[in-house]
Amino acid sequence: MTLLLTPEACLAHDPGPHHPESAQRIASTLAWLTDSPPPGTTAATVREVEREQVLRVHAGGHVDAVEAAAGRRVSFDPDTGMGPDSLLATRLSAGAAVQAAEAVLEGAAGAFALVRPPGHHATPDRAMGFCLYNNVAVAAAHAVEALGLSRVLVVDPDVHHGNGTQDAFVDDPRVLYVSSHRWPFYPGTGWIDETGRGDGDGFTVNLPLPGGTGDADLLHAWDGVVTPVVDAWEPELILVSAGFDTWHRDPLGGFAVTEQGFQRLYRLFWSWAQRHCPGRMACVLEGGYDPAGVRAGVQAAVEVMTGAVEGSEAGDDEASADVQEIVRHVRSTLASHWKVLG
């Protein structure tokens, strides 16, 4: 069974009036998953994250600042705030990510955590970009530090670069971080030459793509660069920063990905899991600001993991010349680290 983690308390997170990261963006999807669970899924009560788990990623001062906001309205920057009920949502979001990782390692056939606030912009010492705790980073750190894994793959197809996740593991060869994102765009990081540092050099892979990127371009980038790396590295766990602001009608994104594109991308991710760590793929919601796009993306991911949608991730359409050139540039940059890209 595929595990669904859907804490309704996440709806109470209030980052401020007229904020795009509102409860409305997930409300209809949450209602669908809880009122009419898809066949092949099961649900569990979500546990709050433990402070020790958060401290594997975040500095104590940052954790203290978030915790001190309990019951109050606090702004960390113009984009990132908390309301009176946000702390519980924050703890549950990170806790759901940890729980999803544990569940797939214990035998669940995939997991999806529908949570907010998102996490991938939260750096070890800073809240930013709507994000307070870095949910997926906390789960990845738990997997390597507490559960003993040595090859955790984090894939991040959100339209924004996950600078916080990259920072958390920039020198750690146990976590391979891969991001596709619009370039240039917020937060201004994620160029091709950002490949990691020290022992982690080569374990950061960035796929900066132009505005207007659609299904064929996105699949070409992930399959052309990442599939050979994944097959060489053989991950023990795949964590997905499941951002759906690449949706063609997303008000913040500027990409052109369709429902079929989401299905093809998640079939690709799932094919990696099936080859190397069967069933061990856990998805945690990141961005996505059109409720219809969030529903389309979550449905695609869940249906792929439950087997309701099958077929090849490949398509008949060809990637643009610009994206083909980006893929060549990324492969050339990383070829000294990954011989399969040479």
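Both backbone and side-chain heavy atoms feed into the values below; hydrogens, waters and symmetry mates do not.
You'll find the ring centres of Phe185 and His161 outside the 6.0 Å limit. Here the two rings, on Phe269 and Trp272, have centers that are under 6.0 Å apart.
Put simply, the side chain of Arg25 gets close to the backbone of Gly288: a donor and an acceptor are under 3.5 Å apart. A donor-acceptor pair under 3.5 Å links the side-chain atoms of Gln99 to the main chain of Thr45, judged by distance alone. Side-chain atoms of Asp199 never come within 3.5 Å of backbone atoms of Pro173 as a donor-acceptor pair (strictly under, hydrogens ignored). A donor-acceptor distance shorter than 3.5 angstrom exists from the side chain of Arg182 to the backbone of Gly253, with no hydrogens or angles considered. Formation of a donor-acceptor pair under 3.5 Å by the Asp290 side chain with backbone atoms of Asp250 is not found in this model. Of the possible donor and acceptor atoms, one in the side chain of Gln53 sits under 3.5 Å from a partner among the backbone N and O of Glu50. Looking at Ser75, its side chain never comes within 3.5 Å of a backbone N or O of Pro78 through a donor-acceptor pair. Proximity of a side-chain donor or acceptor of Ser332 to a complementary backbone N or O of His329 within less than 3.5 Å is not detected. The backbone N or O of Pro208 lies less than 3.5 Å from no partner atom in the side chain of Asn206, so there is not a single donor-acceptor pair. Using a distance-only test at 3.5 Å, with no hydrogens or angles considered, no donor-acceptor pair links the side chain of Glu21 to the main chain of Phe130.
Criterion: ILVMFWY side-chain heavy atoms under 4.5 Å apart, direct or through other members. Under it, Trp270 and Leu237 are not part of a common hydrophobic cluster. Neither Val284 nor Val178 shares a network with the other; the hydrophobic side chains, linked directly or stepwise wherever heavy atoms of I, L, V, M, F, W or Y lie under 4.5 Å apart, form separate groups for each. Hydrophobic clustering (ILVMFWY, side-chain heavy atoms < 4.5 Å, transitive): Leu268 and Phe262 are in one cluster. If you chain together hydrophobic residues whose side chains sit under 4.5 Å apart, Val298 and Val159 fall into the same group. The hydrophobic cluster containing Val205 also contains Ile192, counting ILVMFWY residues as joined when their side-chain heavy atoms lie under 4.5 angstrom apart, directly or transitively.
When side chains are defined from C-beta on, Arg73 counts as touching Asp14, because their heavy atoms get closer than 4.5 Å. Looking at Thr90 and Pro117, their side chains come closer than 4.5 Å, going by heavy atoms from C-beta outward. Side-chain contact check for Glu194 versus Thr189: some heavy-atom pair is nearer than 4.5 Å. Inter-residue side-chain proximity for Pro228 and Leu341 is flagged as met; some heavy-atom pair is nearer than 4.5 Å. Between Pro37 and Thr34 there is no side-chain heavy-atom pair separated by less than 4.5 Å.
In this pair, Trp233 and Trp338 present their aromatic rings perpendicular. The plane angle is above 60°, beyond the 30 to 60° band. Ring geometry for His160 versus Tyr186: interplanar angle over 60°, hence perpendicular rather than tilted (30 to 60°). Relative ring orientation between Tyr266 and Phe244 is described as tilted, the plane-to-plane angle lying within the 30° to 60° band. Taking the six-membered ring where tryptophan is involved, the planes of His58 and His62 are tilted, since the angle between them lies from 30° to 60°.
Note: Trp191 CH2 to Trp183 CH2 = 6.5 Å, rounded to the nearest 0.5 Å. One distance of note links CG of Asp217 with CG of Leu207; it measures 12.0 Å at 0.5 Å rounding. Separation of atoms CD1 (Ile326) and NE2 (His220) is listed at 9.5 Å; rounding is to 0.5 Å. In this structure, the separation between OG1 on Thr204 and CG on Leu176 is 8.0 Å, given to the nearest 0.5 Å. Rounded to the nearest 0.5 angstrom, Leu285 CG and Leu5 CG are separated by 12.5 Å. How far CG of Leu33 is from CZ of Phe112: 8.0 Å, rounded to the nearest 0.5 Å.
The shortest non-hydrogen separation linking Ala122 to Cys131 is N-CB, 3.6 Å. Between Ala96 and Val115, the shortest heavy-atom distance links the atoms CB-CG1, 3.8 Å. Heavy atoms only, all atoms of each residue included: Ala273 and Met281 are closest at CB-CB, 4.3 Å.
A 6.0 Å sphere centred on CG of Asp77 holds more than 12 heavy atoms belonging to other residues, nucleotides or ligands.
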Worked verdict on Leu334 versus Thr195 for side-chain contact (heavy atoms from CB on, under 4.5 Å): CA-CA 8 Å; Leu334 289 166; Thr195 60; 3.8 Å; yes
Verdict with reasoning, Gln166 to His120, per side-chain hydrogen bond (donor to acceptor under 3.5 Å, both in side chains): CA-CA 9 Å; Gln166 177 173 297; His120 71 156; over 6 Å; no
Derivation of the salt bridge (charged side-chain N to carboxylate O under 4.0 Å, His left out) call for Glu145 and Arg174: CA-CA 10 Å; Glu145 298 293 347; Arg174 298 172 298 177; 2.7 Å; yes
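Salt bridge absent: Arg197 and Asp167 never bring a charged side-chain N and a carboxylate O closer than 4.0 Å. Residues Glu67 and Arg91 are paired through a salt bridge, judged by an N-O separation under 4.0 Å between the basic side chain and the carboxylate. Under a 4.0 Å N-O distance rule, the pair Asp317/Arg264 qualifies as a salt bridge.
With Leu239 as reference, Val152 is the one residue of Val155, Asn135, Val152 to meet the side-chain contact (heavy atoms from CB on, under 4.5 Å) rule.
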